[in-house]
Amino acid sequence: MRYLIALLAAFSLPSLYAETLELPQGPVILTVSGELENTNAGDHAQFDRAMLEALPQHETVTHTPWHDGAVSFVGPLGRTLLDAVGSEGRELRISALNDYSATVPVRDFYKYDVILAMSANGQPLQVRDQGPLFVIYPFDQASSLMNEVTLSRSVWQVNRIEIE
Ligand SMILES: Nc1nc2c(c(=O)[nH]1)N[C@H]1C(S)=C(S)[C@@H](COP(=O)(O)O)O[C@H]1N2
Ligand SMILES: [Mo]
């Protein structure tokens, strides 16, 4: 009997972890597609602002080439988002409202505390100030990040991530 229970537990646990995402209630600001397990809109994962704010938040205080002085950015870590959607990929195609896009290795999100910034100095990032989402690397923690490759991966006005 104990074996049977262990066996049942072993087979039912994985389905508990194949999470379903809640449905966005407000405007969708981010759509994640591609190699992911947890979806809520066909084979995509859609997020409104509240869903992204409900994820654990991370603060990065850093200078950037686009701001005067150090700025406090807050948003979910990139790897937190990848966990939330059950990412199974190695590369991210991160696209912006203006159709700019960059390919970012998933590795970057584990090696560095890269966030999807939703606010700067306590103010929500509006589209006019490069929101609603801005990929922010912790430049001040590792000055080697201030290079053309990382800058090109610092996509602002992000609205889509394709996991490859
Ligand atoms: N949405 C968006 N993000 C972007 C870009 C862009 O054109 N649109 N340019 C990228 C590139 S190639 C670089 S080097 C940096 C710096 O761009 P800037 O020199 O125009 O400020 O932002 C990156 N993020
Ligand atoms: Mo660039």
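All ligand and atom numbering here is 1-based and tracks the order in the structure. This one's a predicted model, so the numbers in the text were calculated from it and none came from an experiment.
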Practice task
Please work out whether the ring planes of Tyr100 and Trp156 are parallel, tilted or perpendicular, with thresholds of 30° and 60°.
Solution key: parallel
Exercise for the section: For Leu116 and Leu133, work out which heavy atoms get closest and say how close. Expected result: O-CD2, 4.2 Å
Would one find an N or O of [X], backbone or side chain, under 3.5 Å from an N or O of ligand 1?
X      : value
Glu148 : no
Ser152 : no
Gln157 : no

Practice task
Check step by step if side-chain contact (heavy atoms from CB on, under 4.5 Å) holds for Ile163 and Leu82.
Solution key: CA-CA 9 Å; Ile163 304 173; Leu82 293 182; 4.2 Å; yes
Practice task
Counting heavy atoms only, name the option from Val149, Val158, Leu151 that's nearest to atom 13 (C) of ligand 1.
Solution key: Leu151
Completion exercise
Judged by heavy atoms only, the candidate from Phe134, Tyr100, Trp66 nearest atom 21 (O) of ligand 1 is Trp66
Practice task
Would you check, one step at a time, whether the test side-chain contact (heavy atoms from CB on, under 4.5 Å) holds for Asp48 with Val28?
Solution key: CA-CA 4 Å; Asp48 62 13; Val28 172; 5.6 Å; no
Completion exercise
Ranked by distance from atom 20 (O) of ligand 1, the top protein heavy atom is Trp156 CH2, 4.0 Å
Practice task
Could you check atom 24 (N) of ligand 1 against the protein and tell me its nearest heavy-atom contact, residue, atom and distance included?
Solution key: Ser154 O, 3.0 Å
Fill in the blank from the handout: Under 4.0 Å from one or more heavy atoms of Ala96, ligand 1 contributes atoms 1 (N)
Exercise for the section: Determine whether more than 12 heavy atoms belonging to other residues, nucleotides or ligands lie under 6.0 Å from atom CG of Asp68. Expected result: no
Handout entry: Min heavy-atom dist Pro65 to ligand 1 below 4.0 Å
Key = no
Fill in the blank from the handout: In this structure, CG of Asn159 is separated from CG of Leu97 (nearest 0.5 Å) by 4.5 Å
Problem - Contacts of His63 that satisfy ring pair (Phe, Tyr, Trp, His ring centres under 6.0 Å) - sequence neighbours left out - result: none
